[in-house]
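Comments concern the structure below.
Everything numeric in this text was worked out from a predicted model, so none of it was measured.
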Amino acid sequence: MENRDLANEEGRPASEPVPSRRRMLALGAAGVSAALTIRPAFAQTAVSVMNCEIPVPDLGAAGQYIDKRGRLVPPGTKGAYPGAPRPFTGEEVKRAFHGQSLPGTSYNQSQAYLQYIRRLQAGQSGFTCFASIQMPR
């Protein structure tokens with residue numbers, strides 16, 4: 001019988017070196033260190049996403065109203081709402097997507113603003129914040 005056909009008590013071939021206790025502890029410590037280093041980064045990212053801001057409408061469309069489909073319309077358009085007096089935070093928008101109204105808005109106004117936010121495209125203020133909210137964690 002050859003050496004490689006023999007197995008030690010753990011089921012490894014006899015020719016395979018057994019890792020030392022020190023080596024195993026070092027590998028475990030490295031894994032814990034990596035986890036402790038990565039977790040704060042995820043937490044910081046989550047906090048920054050919840051504090052980012054989405055103006056409704058963006059600065060380039062200031063003064064425009066938002067209709068119920070989330071489209072920009074001229075001021076005074078019947079059934080449309082003036083822009084929000086302040087930007088909404090990512091946390092506020094996320095809660096609104098889960099059924100709450102945006103702060104300081106009626107239900108219908110909130111729905112119009114959410115439609116506007118859903119229609120944001122790259123390059124518009126608030127798009128990156130909105131995209132970050134949509135990413136699963």
Side-chain angles (χ1 to χ4, degrees):
M1 205 192 258
E2 291 185 31
N3 223 6
R4 66 174 178 228
D5 293 333
L6 298 175
N8 62 18
E9 293 173 7
E10 287 96 28
R12 280 195 297 282
S15 62
E16 186 177 310
V18 178
S20 70
R21 174 176 259 163
R22 177 176 279 177
R23 176 82 174 135
M24 295 298 282
L25 288 172
L27 289 173
V32 169
S33 175
L36 293 176
T37 302
I38 293 170
R39 279 214 182 266
F42 284 135
Q44 187 173 359
T45 300
V47 168
S48 65
V49 166
M50 294 303 113
N51 289 323
C52 63
E53 295 184 338
I54 302 174
V56 178
D58 70 350
L59 298 176
Q64 296 288 310
Y65 277 35
I66 313 290
D67 73 7
K68 66 181 181 179
R69 293 181 305 217
R71 297 174 195 258
L72 295 172
V73 294
T77 301
K78 186 176 180 178
Y81 303 95
R86 67 166 181 85
F88 298 107
T89 66
E91 181 64 30
E92 291 168 340
V93 172
K94 189 172 187 174
R95 281 191 301 235
F97 279 130
H98 288 100
Q100 294 183 7
S101 289
L102 290 165
T105 65
S106 67
Y107 175 80
N108 290 332
Q109 187 177 17
S110 181
Q111 292 304 305
Y113 288 173
L114 290 175
Q115 286 298 94
Y116 171 83
I117 292 168
R118 282 185 184 101
R119 298 169 53 83
L120 286 174
Q121 297 180 355
Q124 287 182 285
S125 297
F127 174 77
T128 304
C129 184
F130 172 63
S132 299
I133 293 169
Q134 301 303 309
M135 291 186 158
R137 302 216 188 282

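- A 4.5 Å side-chain heavy-atom check between L120 and I54 finds at least one atom pair inside the cut-off.
- Of all heavy-atom pairs between G63 and P75, the closest is O-CG, 3.2 Å.
- Note that CD of E53 is 13.5 Å distant from CD of E91, once rounded to the nearest 0.5 Å.
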Expected list for residues 122-130: side-chain donor-acceptor pairs under 3.5 angstrom, two or more places apart:
from	atom 1	to	atom 2	distance (Å)
Q124	OE1	Q121	N	2.7

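- Tracing side-chain contacts under 4.5 Å through hydrophobic residues (I, L, V, M, F, W, Y), one reaches V56 starting from L72; they form part of the same cluster.
- Every side-chain hydrogen bond (donor to acceptor under 3.5 Å, both in side chains) that Q109 has, sequence neighbours left out, goes to Y113.
- Distance CG/D58 to CD1/I117: 11.5 Å, rounded to 0.5 Å.
- Scanning for side-chain hydrogen bond (donor to acceptor under 3.5 Å, both in side chains) contacts around R86 gives E92, with sequence neighbours left out.
- Note that CZ of F88 and CG of L102 are 4.5 Å apart. Values are rounded to the nearest 0.5 Å.
- For R118, the side-chain hydrogen bond (donor to acceptor under 3.5 Å, both in side chains) criterion is met by Q115, not counting sequence neighbours.
- Across all non-hydrogen atoms, the minimal contact from P57 to G83 is CD-CA, 3.5 Å.
- Inter-residue side-chain proximity for Y81 and T105 is flagged as unmet; no heavy-atom pair is nearer than 4.5 Å.
- Among pairs with a residue in residues 68-84, those fulfilling salt bridge (Lys or Arg N to Asp or Glu O under 4.0 Å) read D67-R69, at least two apart in sequence or across chains.
- The side-chain hydrogen bond (donor to acceptor under 3.5 Å, both in side chains) test applied to Y116 returns no partner, not counting sequence neighbours.
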